[in-house]
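Below is one structure, written out as structure tokens; the observations come after it.
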Amino acid sequence: SQQGEEDPQALSIQEGENATMNCSYKTSINNLQWYRQNSGRGLVHLILIRSNEREKHSGRLRVTLDTSKKSSSLLITASRAADTASYFCATDVTGANSKLTFGKGITLSVRP
Amino acid sequence: DTEVTQTPKHLVMGMTNKKSLKCEQHMGHRAMYWYKQKAKKPPELMFVYSYEKLSINESVPSRFSPECPNSSLLNLHLHALQPEDSALYLCASSLWDRDGNEQFFGPGTRLTVL
């Protein structure tokens, strides 16, 4: 069963707007990761946040983690048409085994 | 080289065929993974290898047989598959330490079982 659940399921925004995606999970984690997948292709790692971290930034990406609420958010600022993709959160409960459990994913469409 | 390569890109096979999927990385990663992804679904973990040894098998049917000949190569041998096994098969690799690490994914093999 999936550990992570993202919302919304689908998001459509205008280029230049910010996109916020949320992920909730059920059990304690070692880290939480966000991945992007363009249609029918492999996944690309975006950012990893560890259980003892609350916020991380990478370029136009900002990730937060609230372990008390078992939730994370991914913010993409100043979105571009090229950001159109599916986004997955993935939880790693064990660390050493790097066994990722993916959420259902969010489909983001950025209109030019 | 920060790339994971997978061959073939596409594969069509009958239920009685035997075929193999191949995955290669030259990043020095000692963990390699096979995932299965159905359309509009998230990837599902199948197998994990660490230091060329199978460390996780997610109760995958025996018609899927993984093999890790060396630290750079990962194979998935397929035999007597069912049409419901049609999916995108993704290979990934990562460092292996207790902190957990990002995984690098290949582009996948699109498998169709007739």
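Note that this is a predicted model, so its numbers are computed, not measured.
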### Query
Would you call B:Glu3 and B:Gln25 a side-chain contact if the rule is heavy atoms closer than 4.5 Å?
no

### Message
Is the shortest side-chain heavy-atom distance between B:Phe104 and B:His29 below 4.5 Å?
### Response
yes

### Task
Give me the contact list for residues 41-65 of chain A versus chain B, heavy atoms only, anything under 4.5 Å, ordered by residue number.
A:Arg41, A:Gly42, A:Leu43, A:His45, A:Leu48, A:Arg50

### Query
Are the aromatic ring centres of B:Tyr33 and B:Phe105 under 6.0 angstrom apart?
no

### Query
Are B:Phe47 and B:Phe64 close enough that their ring centers fall under 6.0 Å?
no

### Query
Given that the side chain runs from C-beta out, which part of B:Gln6 has a heavy atom under 4.5 Å from chain A: side chain, backbone, both or neither?
neither

For a quick test of your reading: what N or O donor-acceptor pairs under 3.5 Å do the side chains of residues 106-114 of chain B make, sequence neighbours left out?
| unit_1 | atom_1 | unit_2 | atom_2 | d |
| --- | --- | --- | --- | --- |
| B:Thr109 | OG1 | B:Pro8 | O | 2.5 |

#### Entry: Aromatic ring proximity, centroids under 6.0 angstrom, A:Phe102 and A:Tyr35
yes

